[in-house]
Structures are given as C-alpha cells and as structure tokens.
Amino acid sequence: MQWLLGGYQEPAAAATSTFGIMASEREEFSLSGPLHLTVVDWKNAHHRRSVAASLVQGVRILERDRQVKRQGSQALAPPWWEFFHFQLIRQLVDDVDSSIFGAIYEFKPPESHYHNSVDESPRYVIAFRGTITKPGSMSRDLELDVCIIRNGLHETSRFETAIQAVRNVVATVGKSNVWLAGHSLGAAMALLAGKTMAKTGIFLQAFLFNSPFISAPIERIKNKRVKHGLRIASSVITAGLALATKKSYQNSRSVDPFATLSAWAPHLFVNPGDHFCSEYIGYFEHRKKMDDIGIGAIGRLATQNSLGGLLMSATGRESEPLHLIPSANLIVNLTPCQDFREAHGIHQWWRPDLHIKSKLYNYK
C-alpha cells in the first residue's frame with residue numbers, strides 16, 4: 001500500500017547537507033536536476049516537460065524540507081524553481097495534516113533571457129506533488145490515494161484548496177498564462193482541476209506525470225489478441241451497463257457528455273513499466289481500434305464510463321472517475337527502466353536521452 005499511486009522515488013546514494021542532515025541525492029538539484037537546461041526554449045517539448053517536472057519535484061522537496069526542518073540556506077527546494085527563473089508565490093497546505101502538497105510559481109526571467117520563445121512560457125505554474133511515504137504526510141497522502149480508487153478525490157478538502165487556488169490565479173491572469181503540473185497523486189489532483197475548469201470552457205495547459213488509471217491491468221498482458229479481446233468484452237459490458245442505467249444517454253437527443261471536454265488535451269506522460277498509469281496507453285489505442293472494426297459507438301460510450309463508477313452511481317453515490325478523459329497528448333517513455341520504482345519516478349521525465357513516442361488523441 002505504501003507505493004500505491006504515490007510519489008515514491010527510486011533509492012539513491014545519500015549525501016550530507018551543509019547542516020549535517022543526511023539527504024537523498026535525489027533531492028539535491030545540483031546532483032540530479034536537469035542542469036543541461038541553462039537556457040530554456042519554451043517552444044521545445046523536452047524543455048517544457050523538464051521544467052514542469054522540476055517544479056513538481058520542487059513541491060515534494062518543499063514538504064521534505066518542512067518535515068526535517070531544513071530552513072534558510074539548508075533548504076533544498078529553492079534551486080528546483082530558481083534555476084528556471086521562477087519565484088515561489090504561495091504554498092498550498094492541507095488543512096488536515098498541515099503538509100505542503102502544492103505550490104504556485106510565477107515566471108520572472110531576467111531581461112537578458114528575453115527572446116521569441118519566452119512568448120510560449122507560462123506566467124504561473126500550479127504544481128502538485130505525489131505521495132510521500134514519510135511521517136508527517138504519509139497517512140493523509142495514503143488516505144487520498146484511497147479516495148482516488150473510490151472515485152472520490154473531488155470530495156476532499158485538499159482538492160477544494162487546490163481548485164480554489166486554480167480559479168483565483170486564472171481569474172487574475174487569464175487562462176492562457178497558467179499551467180497545471182503534477183506527479184502521481186499530484187497528477188490526479190492536476191487532472192481533476194483541469195477537468196473541472198474545462199467543464200466551464202477554460203482549457204489550461206496540463207502536464208500530468210504518471211497519473212493513476214484505476215482499472216484491471218490489461219496493458220500488462222503480452223498476448224495482443226488476448227488483450228484486444230478482453231478490452232472489447234470490457235467495452236461491451238461497460239457500454240451495456242451505461243445504457244441500462246441511462247447514465248450517459250437519456251434519449252437520442254442527449255448531448256455527448258464528453259463534448260464539452262473534448263477541446264482540452266492535457267499532456268499525459270506514461271511509462272509502460274508503471275502499472276499505475278500504463279492503462280492510458282490501451283485506453284486511447286483501444287478506442288481507435290473500436291472505430292476501425294466498425295463498433296466505434298460502443299467504444300465511445302464505454303470510454304466515458306467505468307464499471308466502478310457505474311456501480312456507484314446505481315447505488316446513488318456520486319462518482320468522478322479521474323481517468324475518463326476524451327482527448328490527450330499521450331507521451332510514452334520507451335526508455336528501458338530497471339524496475340517499477342524507476343518507471344514511476346518523476347526524475348525520468350527530464351532525462352535528455354529519453355526515447356519517447358507521442359500521439360495526440362482527439363475525441364470525435
């Protein structure tokens with residue numbers, strides 16, 4: 001359960017901080033950060049991805065600094081945003097355990113760095129960390145992980161704090177100047193915030209690293225025919241149950257509930273070796289295959305619903321399955337990983353030697 005949907009990082013050799021506190025070198029920007037990005041080209045997808053991931057890591061280290069009482073010059077978090085000329089404007093704090101789960105950053109580049117690509121940069125980035133399995137935040141983080149499994153993250157006070165922060169920033173500077181970013185549990189938070197805003201016609205850039213997808217791990221099956229058959233069967237059952245409960249269509253004139261969200265295409269960063277997020281690969285590929293074999297209507301209906309969500313709705317319980325999204329820019333890391341922990345970690349996403357496959361899926 002400790003690694004469930006969490007931000008667990010791959011163990012690494014320890015380093016001694018200036019204050020004499022042992023800290024994982026994964027927390028030290030000078031040892032593990034993307035130091036090669038001395039100049040950021042905001043038109044470059046690798047650069048945008050690396051900066052977004054670094055800002056998310058900055059939130060995690062903010063919380064670790066709080067937990068072990070690293071302050072002032074001993075704090076390890078600031079380099080994760082200062083290197084890219086961001087300023088920390090506000091920490092987002094959970095009202096249950098007082099842990100730092102998010103941060104609002106403002107981009108403040110020096111005049112010497114102004115060039116054409118700066119026009120593509122965000123003005124603000126709102127970032128959310130993943131689960132930290134350390135005293136001080138673990139209990140609350142794992143409680144929220146369970147909320148994701150139960151499709152109930154939208155009912156938590158942490159999300160209420162997050163979405164209010166997003167609304168306030170957007171109201172101040174406009175939607176075109178704001179990015180959302182998160183890893184694992186934090187990616188779920190950013191995804192839910194993005195969906196909530198998209199339902200009102202506000203489409204924010206979102207960078208979602210290893211966002212959890214709650215379903216049977218069909219993607220791990222090696223036999224493609226078996227995997228495809230199971231997905232078809234699952235789609236037929238899901239679509240049938242959706243029609244039976246009249247969840248998606250009340251009559252032939254009903255509006256497609258995905259239509260209002262289809263213009264929003266978050267950046268989904270997925271590793272096939274991470275079973276918490278790898279189902280996104282099959283989720284989008286299968287929908288296209290259903291179209292190819294002439295049963296796209298079933299595929300589209302199934303992709304809007306989850307069996308768990310339908311069963312909850314049938315019993316009168318409100319449900320918000322996070323992983324059900326109509327469109328996305330799916331970025332898959334094909335670089336070999338040693339184990340699950342590396343496949344789930346955020347550090348992979350700023351490596352300069354990534355072998356990735358990217359595809360935009362638009363809902364039709």
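Throughout, numbering of the chain's residues begins at 1 and tracks the sequence. Every heavy atom of this structure was used, including side-chain atoms; hydrogens, water molecules and symmetry mates were not.
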Undergrad: Any ring pair (Phe, Tyr, Trp, His ring centres under 6.0 Å) involving residues 59-81? Give me the pairs, sequence neighbours left out, ordered by first then second residue.
TA: Phe29-Trp80, Trp80-Trp350, Trp81-Tyr105
Undergrad: So, Ser278 and Asn271: side-chain donor and acceptor under 3.5 Å apart, yes or no?
TA: no
Undergrad: Could you tell me whether the side chain of Asp65 and the main chain of Ala77 form a donor-acceptor pair under 3.5 Å?
TA: yes
Undergrad: For the residue pair Cys277 and Val270, what are the closest heavy atoms and their distance?
TA: O-CG1, 3.5 Å
Undergrad: For Thr133, is there any backbone N or O sitting under 3.5 Å from a side-chain donor or acceptor partner on Ser137?
TA: no
Undergrad: Should Ile126 and Phe128 be marked as a side chain to side chain contact (heavy atoms under 4.5 Å, CB included) after you check the CA-CA gap, both sets of side-chain angles, and the distance that decides it?
TA: CA-CA 7 Å; Ile126 306 172; Phe128 306 97; 3.6 Å; yes
Undergrad: Identify the two heavy atoms, one from Trp264 and one from Ala206, that lie closest to each other, and give their separation to 0.1 Å.
TA: CZ2-CB, 3.9 Å
Undergrad: Would the His267 and Phe207 ring centres measure less than 6.0 Å apart?
TA: yes
Undergrad: Are Phe101 and Thr161 packed together at the side-chain level, in the sense that at least one heavy-atom pair is separated by less than 4.5 angstrom?
TA: yes
Undergrad: Decide yes or no on side chain to side chain contact (heavy atoms under 4.5 Å, CB included) for Leu334 and Ile356, but give the supporting numbers first.
TA: CA-CA 5 Å; Leu334 301 177; Ile356 64 174; over 6 Å; no
Undergrad: Give a yes or no answer on whether the side chain of His47 reaches the backbone of Trp42 with a donor-acceptor pair at less than 3.5 Å.
TA: no
Undergrad: Any salt bridge linking Asp339 with Arg341? Criterion: basic side-chain nitrogen under 4.0 Å from a carboxylate oxygen.
TA: yes
Undergrad: Which heavy atom of Met189 sits nearest to which heavy atom of Ala162, and what is that distance?
TA: CG-CB, 4.0 Å
Undergrad: Could you pull out the closest heavy-atom pair between Ala265 and Leu360, with the gap in Å?
TA: CB-CD1, 4.0 Å
Undergrad: Find out whether Val56 and Trp349 are in side-chain contact, i.e. whether some heavy atom of one side chain is under 4.5 Å from a heavy atom of the other.
TA: no
Undergrad: Minimum heavy-atom separation for Gly130 to Asp141, with atom names?
TA: O-OD2, 4.1 Å
Undergrad: OG1/Thr196 to CD1/Ile163 distance, rounded to the nearest 0.5 angstrom?
TA: 4.5 Å
Undergrad: How long is the span from the OG1 atom in Thr131 to the CZ atom in Arg60, to the nearest 0.5 Å?
TA: 10.0 Å
Undergrad: If we ignore hydrogens and angles and just use 3.5 Å, is the side chain of Asn210 paired with the main-chain N or O of Ala343 as donor and acceptor?
TA: yes
Undergrad: Can you find a heavy atom in the side chain of Phe284 that is under 4.5 Å from one in the side chain of Ile325?
TA: yes
Undergrad: For the backbone of Ala53 and the side chain of Gln57, can you confirm whether one donor and one acceptor N or O come within less than 3.5 Å of each other?
TA: no
Undergrad: Compare every heavy atom of Tyr280 with every heavy atom of Leu322, then report the nearest pair and how far apart it is.
TA: O-OH, 4.4 Å
Undergrad: Would you compute the distance between atom CD1 of Ile104 and atom CG of Leu55 and round it to the nearest 0.5 angstrom?
TA: 12.5 Å
Undergrad: Are the side chain of Ser327 and the backbone N or O of Tyr363 linked by a donor-acceptor pair below 3.5 Å?
TA: yes
Undergrad: As an exercise, state the distance from CE of Met197 to CG of Leu261, rounded to the nearest 0.5 Å.
TA: 13.0 Å
Undergrad: Under 3.5 Å, is there a donor on one side chain and an acceptor on the other for Gln348 and Arg351?
TA: no
Undergrad: Would you check if the distance from the ring center of Phe107 to the ring center of Phe84 is below 6.0 Å?
TA: no
Undergrad: Kindly determine whether Glu63 and Ser99 satisfy side chain to side chain contact (heavy atoms under 4.5 Å, CB included), including the steps that lead there.
TA: CA-CA 6 Å; Glu63 172 58 14; Ser99 65; 3.5 Å; yes
Undergrad: Decide yes or no on salt bridge (Lys or Arg N to Asp or Glu O under 4.0 Å) for Glu27 and Arg70, but give the supporting numbers first.
TA: CA-CA 12 Å; Glu27 299 181 356; Arg70 294 189 295 242; 2.9 Å; yes
Undergrad: Show every salt bridge (Lys or Arg N to Asp or Glu O under 4.0 Å) that has at least one partner inside residues 82-97, sequence neighbours left out.
TA: Asp94-Arg140, Asp94-Arg158
Undergrad: Measuring from atom CG of Leu208 to atom CG of Leu192, what distance do you get when rounded to the nearest 0.5 angstrom?
TA: 11.0 Å
Undergrad: Within this structure, what is the CE-CG distance for the pair Met138 and Asp145, rounded to the nearest 0.5 Å?
TA: 11.5 Å
Undergrad: Taking the side chain as every heavy atom from C-beta outward, state whether Lys108 and Gln87 have any pair of such atoms under 4.5 Å apart.
TA: yes
Undergrad: So, the side chain of Thr156 versus the backbone of Leu153: is there a donor-acceptor pair under 3.5 Å, distance only?
TA: yes
Undergrad: Are Leu88 and Leu62 close enough that some pair of their side-chain heavy atoms sits under 4.5 Å apart?
TA: yes
Undergrad: Taking the six-membered ring for Trp and the single ring otherwise, decide whether the centroids of His36 and His46 are under 6.0 Å apart.
TA: yes
Undergrad: I'd like to know if the side chain of Arg48 and the backbone of Lys43 have a donor-acceptor N/O pair within less than 3.5 Å.
TA: yes
Undergrad: Among residues at least two apart in sequence or on other chains, which ones pass side-chain hydrogen bond (donor to acceptor under 3.5 Å, both in side chains) with Ser54?
TA: none
Undergrad: Asp353 versus Thr335: any side-chain heavy-atom pair under 4.5 Å?
TA: no
Undergrad: Take Phe269 and Asn333 through the test side chain to side chain contact (heavy atoms under 4.5 Å, CB included) and record every step on the way to the result.
TA: CA-CA 7 Å; Phe269 299 93; Asn333 181 8; over 6 Å; no
Undergrad: Before we go on, tell me: are the rings of His344 and His275 under 6.0 Å apart, centre to centre?
TA: no
Undergrad: Would you kindly confirm whether Val146 and Val96 end up in one hydrophobic cluster when ILVMFWY residues are joined by side chain heavy atoms under 4.5 Å apart?
TA: no
Undergrad: State whether the side chain of Lys195 and the backbone N or O of Ala190 hold a donor-acceptor pair below 3.5 Å, judged by distance alone.
TA: no
Undergrad: So that I know where these two stand, are Phe213 and His323 an aromatic pair - ring centroids less than 6.0 Å apart?
TA: yes
Undergrad: Within the 4.5 Å heavy-atom criterion, are Leu204 and Trp179 side-chain neighbours or not?
TA: no
Undergrad: Is any side-chain heavy atom of Ser262 closer than 4.5 Å to one of Asn362?
TA: no
Undergrad: Taking Arg129 for the side chain and Ile100 for the main chain, is one N or O donor matched with an acceptor at less than 3.5 Å?
TA: yes
